[in-house]
Amino acid sequence: MDFSAILLNMSSQAATQNGQQGGGSMTLMLVLFMAFMIGYMFLISRKDKKQRNAEQEMRDNLSIGDEVLTIGGIIGRVVTVKEDSVVIETGADRNKIRFTKTAIAKNITKEAKDKEAQNAKIAAAKKAKEEKKAAKAKK
């Protein structure tokens with residue numbers, strides 16, 4: 001059942017129980033519904049803004065030698081970085097293609113480094129936990 005239909009049904013039931021025509025409670029329900037929608041839109045736009053900022057930061061931090069994936073599916077190494085464009089080198093015969101920075105979807109090199117760092121943190125935490133268990137077992 002639709003959320004708005006549930007709200008309208010609840011408001012009509014409340015109005016009939018109170019012996020009212022339903023004008024005041026219906027207005028209250030509409031105000032609550034509008035507040036809910038505004039809050040929901042705020043949360044959605046905030047999440048989208050964070051994602052856009054992260055993508056922009058990734059594009060601004062491109063450096064020579066990074067392996068990147070374009071939105072068209074082309075994978076290559078960055079050869080030149082300019083203010084608004086990037087030249088990447090693809091294939092065994094080293095073809096060079098110029099793209100705008102907005103065409104870069106992922107920095108594969110950075111993601112691999114981040115994943116390695118995360119795995120190292122997890123391994124260190126596991127090792128520390130095992131050492132604590134071993135120390136408790138010796139006592």
- Message: Applying salt bridge (Lys or Arg N to Asp or Glu O under 4.0 Å) as the test, list every pair that has at least one member in residues 43-57; sequence neighbours left out.
- Response: D48-R52
- Query: Heavy atoms, side chains only, cut-off 4.5 Å: are L62 and V86 in contact?
  - Reply: yes
- Item | Pairing residues for K110 by the side chain to side chain donor-acceptor pair (under 3.5 Å) criterion, not counting sequence neighbours | D114
- Tell me the salt bridge (Lys or Arg N to Asp or Glu O under 4.0 Å) pairs involving residues 77-94, sequence neighbours left out? none
- Query: If you link I, L, V, M, F, W and Y whenever their side-chain heavy atoms are under 4.5 Å apart, who else ends up in the same group as I122?
  - Reply: none
- Between I88 and the options N95, T70, T80, the side-chain contact (heavy atoms from CB on, under 4.5 Å) test singles out T70
- Query: Is there a path from V78 to M58 through hydrophobic residues (I, L, V, M, F, W, Y) whose side chains come within less than 4.5 Å of each other?
  - Reply: yes
- Query: Got F99 and I74 here, is their nearest side-chain heavy-atom distance under 4.5 Å?
  - Reply: yes
- Task: Just jot down the side chain to side chain contact (heavy atoms under 4.5 Å, CB included) partners of T100, sequence neighbours excluded, or say none.
- Result: T102, A103
- List the atom of S85, the atom of R98, and the distance in Å for their closest heavy-atom pair. OG-NE, 3.4 Å
- Task: Sorted by first residue and then second, give each side chain to side chain donor-acceptor pair (under 3.5 Å) pair with at least one member in residues 59-68; sequence neighbours left out.
- Result: Q56-D60, S63-D66, D66-N107
- Query: Out of curiosity, K106 NZ to I75 CD1, how far, rounded to the nearest 0.5 Å?
  - Reply: 9.0 Å
- Message: Would you say I97 ends up clustered with I104 if hydrophobic residues are merged whenever their side chains have heavy atoms under 4.5 Å apart, either directly or through other cluster members?
- Response: yes
